[in-house]
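Letters A, B, ... mirror the listed sequences (proteins, then strands); counts begin at 1.
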Number of protein chains: 2
Amino acid sequence: MSVAERVRLIDVAREAGTSVSTVSRALNGSDLISPEVVAHVRAVAGELGYRADRRAQEFKLGRPLTVGVTVPDLTNPFFSEVLKGLAAAARAGGYRLLIGESGEDPAEELRLVEELVDHSGALVLCSSRLTRAGLEKALALPVPVVCINRTVKNAGVVAIDYRAASRLLLEHLTGLGHRRVLYVGGPATSWSDGERRRTLRRTARSLDVTLDEIEGGWAGHHGYDAGPTVLRSRATAVITFNDLVGVGLLSWLLDNDVDVPAELSVASYDDIPIAAYARPPLTSLRNERAKLGELAWRQLTARLAGDDWPGPDLLAPELVVRASTGPARRRARIRTT
Amino acid sequence: MSVAERVRLIDVAREAGTSVSTVSRALNGSDLISPEVVAHVRAVAGELGYRADRRAQEFKLGRPLTVGVTVPDLTNPFFSEVLKGLAAAARAGGYRLLIGESGEDPAEELRLVEELVDHSGALVLCSSRLTRAGLEKALALPVPVVCINRTVKNAGVVAIDYRAASRLLLEHLTGLGHRRVLYVGGPATSWSDGERRRTLRRTARSLDVTLDEIEGGWAGHHGYDAGPTVLRSRATAVITFNDLVGVGLLSWLLDNDVDVPAELSVASYDDIPIAAYARPPLTSLRNERAKLGELAWRQLTARLAGDDWPGPDLLAPELVVRASTGPARRRARIRTT
DNA sequence: CAACCGGATGCAAACGATTGCAATCGATCG
DNA sequence: CGATCGATTGCAATCGTTTGCATCCGGTTG
């Protein structure tokens, strides 16, 4: 049963007693063919279980119906949801998604891009970790490129408005009386980490808040491992690169009897589902990730239609306040671990 | 810059002063061509930035270098990690992955399968939610199909050994003195939920444990929403369909001052990363998800090489005991919420 | 009645790559 | 010195589909 012979156009033509051109036109809904013939051909095709060979089709038509996408990490819900939105939009437009995961590695991402471009008519780079030089190379490829969460010239750009995001976070914290805040950073290759730092610094200055920064990463264990350093710092509130890091940090703090938020407030970016189920539930910045994917598709279709790139789309986030942030207090004691 | 003209084989041939056949052979490493010509052609191709048109290549070769995969939900880390393993293995074999998400919907999955098969030379159905009839249809398609976490005839099968899994869980709980256990189920369309139930019942019987079952789902909120029902039950331990549900349930229990594990033990399947960061950390069954993907690829290559399907691959899980399970106690009180 | 017309259909040429086979060349051998 | 041989290279067919153009047909018109 499995691995049967493929039915081709010519088989349908023979069975229907017509030529391949007629069959092709009938199936593709050309108005050059008489209705009876169309009906007959359709019937025969259905009977024989004909399915067009998409490879031959795409080859002949020359225009690939596939969009290549890269993400740093498939297991991060942020990226999965962007993909969800993008996939839905692309599918509605008759396109398919070829997904590649770079594993947070710029070199691997470049390899991936070169591979994907051979199969796709367009490229979407989600939170690209490429170096500047790598990005140049990608943009020189003979297909349109959209970047999600990375601004770049001569490409489509869809990003979260980190300026607004950082302002929301810091205003929330200063409103609670915090004057000293620690940022636990993300991967050095991440453009959005850079943006978070830049906008946090700038906003901190304007709000007269002292901002400290340490290195972190993108996953739960990065947050957990940052625990001791966080505890030693003199900040009364912590902002983490994303919720995974935030949840990891919370876990360490609870393991070490630090009362959140009484002793230390924690807040983060992204608001992925587990943020709500963390202990204590994590204050975070909600963003419409699926919409990022949708907008990327919109930019792409505009470009594929021959227009110039529209301007960058910026998505404003929304602060979801939960129990992990509270009024600033004097730190109970300086501990060492 | 963007959207430049494609360089074709004939352009390289012209520039190099040879024929297309020579160029093709030179680039593909045929030993029929003299080394100097190979070097020259390679140089010219590089200079011109030639990249083979994969559509033409695949078309001509007839064998698609793409594998279609369906998953119910991209945001579930379980599936992402299976994809990771599969993608890595496929890539190493020179294949690409076309990924489709069904959104836990059997009808959508069927549409997806029919779409993917047109673009792929093989199909991997990950935790397929297809109905029996739908699955029959998929298996009748002219490509080999591998099912992950679903057993079926005339297809490759890779699955987690739920019999062993359920035994590990229940033995752990009975070892702690639990005699009445509640299972919070998953989606009705899930084969693996059925397996979990079946093996739990069977093992419960042999261990003389009373097993109750309620309906649940696949996501955190399903666990959270099950909270009241769980609390009303007379069980001293709960097993949830997966960690997302488990974490959601834990969150509800903590919100409602139920002491875990003193009053109620909670354990689960899958051991995704957040299980370790939950409060309390969740006892769960670790499985090698990436390996599931790898094995699926192995089955596929065997089949593509013309062999029969090898037998099913079963992966034994391992119990990771954390703080969410503890000795059974008399329930403090029956509460109503 | 011949010329014409337009709708319906078939013929054949593409698309870009691979590959069996024939052609070419210089060198070797009898 | 001509035949032969092996190593290279080019010619041309091919994959399945789409599509411009020619063809064919019956019916209408002058």
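Under a 3.5 Å cut-off, the side chain of A:Ser128 and the backbone N or O of A:Leu125 do not form any donor-acceptor pair. Between the side chain of A:Thr301 and the backbone N or O of A:Trp297 there is at least one donor-acceptor pair closer than 3.5 Å. Looking only at distances, a side-chain donor or acceptor of A:Gln299 sits under 3.5 Å from a matching main-chain atom of A:Gly311. A side-chain donor-acceptor contact under 3.5 Å links A:Arg51 to the backbone of B:Glu114. With hydrogens and angles ignored, the 3.5 Å screen pairs a side-chain donor or acceptor of A:Glu109 with a backbone N or O of A:Arg129.
Taking atom CD1 of B:Ile33 as the reference point, atom P of D:dA7 lies 13 Å away to the nearest angstrom. Here the C1' atom of nucleotide D:dG10 and the CD1 atom of B:Ile10 are 13 Å apart, to the nearest Å. Between the CZ atom of B:Arg25 and the P atom of C:dA22 there is a distance of 14 Å, rounded to whole Å.
Among the nucleotides C:dG20, D:dT17, D:dG20, the one closest to the side chain of A:Leu9 is D:dT17. Nearest to the side-chain atoms of A:Arg8 among the listed nucleotides D:dT18, C:dT9, D:dG16 stands D:dG16.
Just one of A:Val44, A:Val23, A:Val41, A:Leu9 meets the side chain to side chain contact (heavy atoms under 4.5 Å, CB included) condition when paired with A:Tyr50; it is A:Leu9.
Taken residue by residue, residues 41-61 of chain B places heavy atoms nearer than 4.0 Å to DNA chain D at B:Phe59, B:Lys60.
Remark: B:Thr22 is in phosphate contact with D:dG10, judged by side-chain N or O atoms under 4.0 Å from OP1 or OP2. At D:dT9, none of the side-chain N or O atoms of B:Ser19 fall inside 4.0 Å of OP1 or OP2 (strictly under the cut-off).
Counting any heavy atom pair closer than 4.0 Å across all strands shown, B:Ser21 reaches a base atom.
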